[in-house]
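Input: a single structure, listed below in structure tokens.
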Protein chains: 2
Amino acid sequence: MSEHPPFAVAVDLAIFTIRDGALSVLLVERGEEPYAGQWALPGGFVEPDEDAEQAAWRELHEETGVERFPGYLEQLRTYSAPDRDPRMRVVSVAHVALAPDLPEPTAGTDAADARWWVVDDLLEPTGAAAEEAPELAFDHRQILVDARERVRAKLEYTTLATEFVAEPFTLPELRRVYTAVWGTPPDLGNFRRKVLGTEGFVIPTDAHGSPTGSGGRRALLYRRGPATVVQPPMVRG
Amino acid sequence: MSEHPPFAVAVDLAIFTIRDGALSVLLVERGEEPYAGQWALPGGFVEPDEDAEQAAWRELHEETGVERFPGYLEQLRTYSAPDRDPRMRVVSVAHVALAPDLPEPTAGTDAADARWWVVDDLLEPTGAAAEEAPELAFDHRQILVDARERVRAKLEYTTLATEFVAEPFTLPELRRVYTAVWGTPPDLGNFRRKVLGTEGFVIPTDAHGSPTGSGGRRALLYRRGPATVVQPPMVRG
DNA sequence: CCAAAAGTGTTAGAGATACACCCATGA
DNA sequence: TCATGGGTGTATCTCTAACACTTTTGG
């Protein structure tokens, strides 16, 4: 019982953002074997002097090319099937990150390319997207499925949606986050009542946003409030 | 970037049950260094040919002494602080298990002793319990705190409470599960309406239970139903 | 002045809260 | 027959779903 077989410990990241009204995730094209040329979630090995969360933050900065990542990070779960990496025994602590719209990523050190993908195009491709949709390396498709479900669920009972928008933001912007993640827009009136009625969800400013299209009222601007939970939750669909 | 420092990967288990109306957890007294003589969550190293969940099931059988463990198991989260084990770099994939009242456990191979502890006596000891309450080894206190919070939360929006009672069970028994986990009893009438009104939560039988004390009506017996979620959730407090 | 986008009001109904009350059983 | 525990009923209140309506702005 004093055996401890050696494992490599990695972190993988599902980094989500909203682009053009669609929930999107950052993928990298692998430059090395295994799965060279295939698309995968960004990630890397945990260093001897850091924990998994520190490793995830480090990769987040490396892969997005942003020094001060403006978003949110949390652990998702650990994937440990013995054959998940053909090279050796690798256990991966997957994380979920959320951010407001980020610049186009730069390909990292060991990645051939990096870009944003619309999540639905990867997981439920229809029409033209079905041709383009790549298979993901390793068990990353499963990680992506679990990560999306985590985000969907957390929008219901937390104020996490505000991590998808840059401050200051308008309520219609925030509502578009829910629309993108859930696939269907929450009722306008009920949405506003819920957000404004939840103490500390958003903090009003006295400034107005700029017009969205041609014509239309200018929305009020808000900042993130200190609240983290929404009780009772917003309901999906 | 092609370095993979070697880690040991372990599983730790927070095994909960309800004993005498209190949420209880199984601890083992460590027989070996580090932390010899201190109490800890049961656990062990992941073997080369199994994943973390299989390792957790294996430990569950070994530590409880039960061949066919009757309860529920899920991954909690992974703890990976570099100094969490003084011997070497150990990453632990913690799990939560729930079971109906189990027999007194047998001390495992590398444990000096094993017994059930009332969780509140460990985490918020008052009065006499404060003397007895041991400090837990490693970061197991934190794991226990997180595990209890997971269980509390899941009772709200899932049918998980039924994993704490042996089939067939009565509704008052099930209600005592909520009372033990939340610390306060849900309203009797509302509780029944919620459980019976949630399709597939419980399945009625035509048998009656045996009397609890001296006097009192005999409760109807039920079995677990196929439902897993409770929508909208039961509310705590 | 019209269309588009933001914001407000209103009504019906579901569900929860907080009880009071009735039933079955053993001593 | 009474205490004990199981089970039912109900008035009130809160919140939400659904939808109609008003306001502000650009062209």
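Model, not experiment: these values are computed from the prediction. Protein chains get the first letters and strands the later ones, always in sequence-line order, with residue 1 at the start of each. Just so it is clear, the values below take in all heavy atoms, side chains as well, and ignore hydrogens, waters and symmetry mates.
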Selection: residues 171-181 of chain A, any non-hydrogen atom under 4.0 Å of DNA chain C: P172(A)

Whole-Å gap separating P (dT24(D)) and CG (L221(A)): 17 Å

Between R192(B) (CZ) and dG9(D) (C1'), how many Å, whole number? 12 Å

Ring-plane angle category for W182(A) and Y178(A), please: parallel below 30°, perpendicular beyond 60°, tilted otherwise. perpendicular

Presence of salt bridge, E156(A) and K194(A), under 4.0 angstrom: no

At a heavy-atom distance below 4.0 Å, what parts of residues 224-231 of chain A sit against DNA chain C? none

Any donor-acceptor pair under 3.5 Å from Q75(A) side chain to T78(B) backbone: yes

Between C1' on dG9(D) and CG on L196(B), what's the gap in Å once rounded to a whole number? 15 Å

Under the side-chain contact (heavy atoms from CB on, under 4.5 Å) rule, collect the residues that match up with P168(B), sequence neighbours excluded. L221(B), R223(B)

Tell me which pairs pass salt bridge (charged side-chain N to carboxylate O under 4.0 Å, His left out) where either residue lies in residues 16-25 of chain A, with sequence neighbours left out. R19(A)-D101(A), R19(A)-E104(A)

Partners meeting ring pair (Phe, Tyr, Trp, His ring centres under 6.0 Å) with Y79(A) (sequence neighbours left out): none

Which letters describe nucleotides 18-27 of chain C, given B = protein heavy atom under 4.0 Å from base, S = only from sugar-phosphate, - = neither? BB---BBBSS

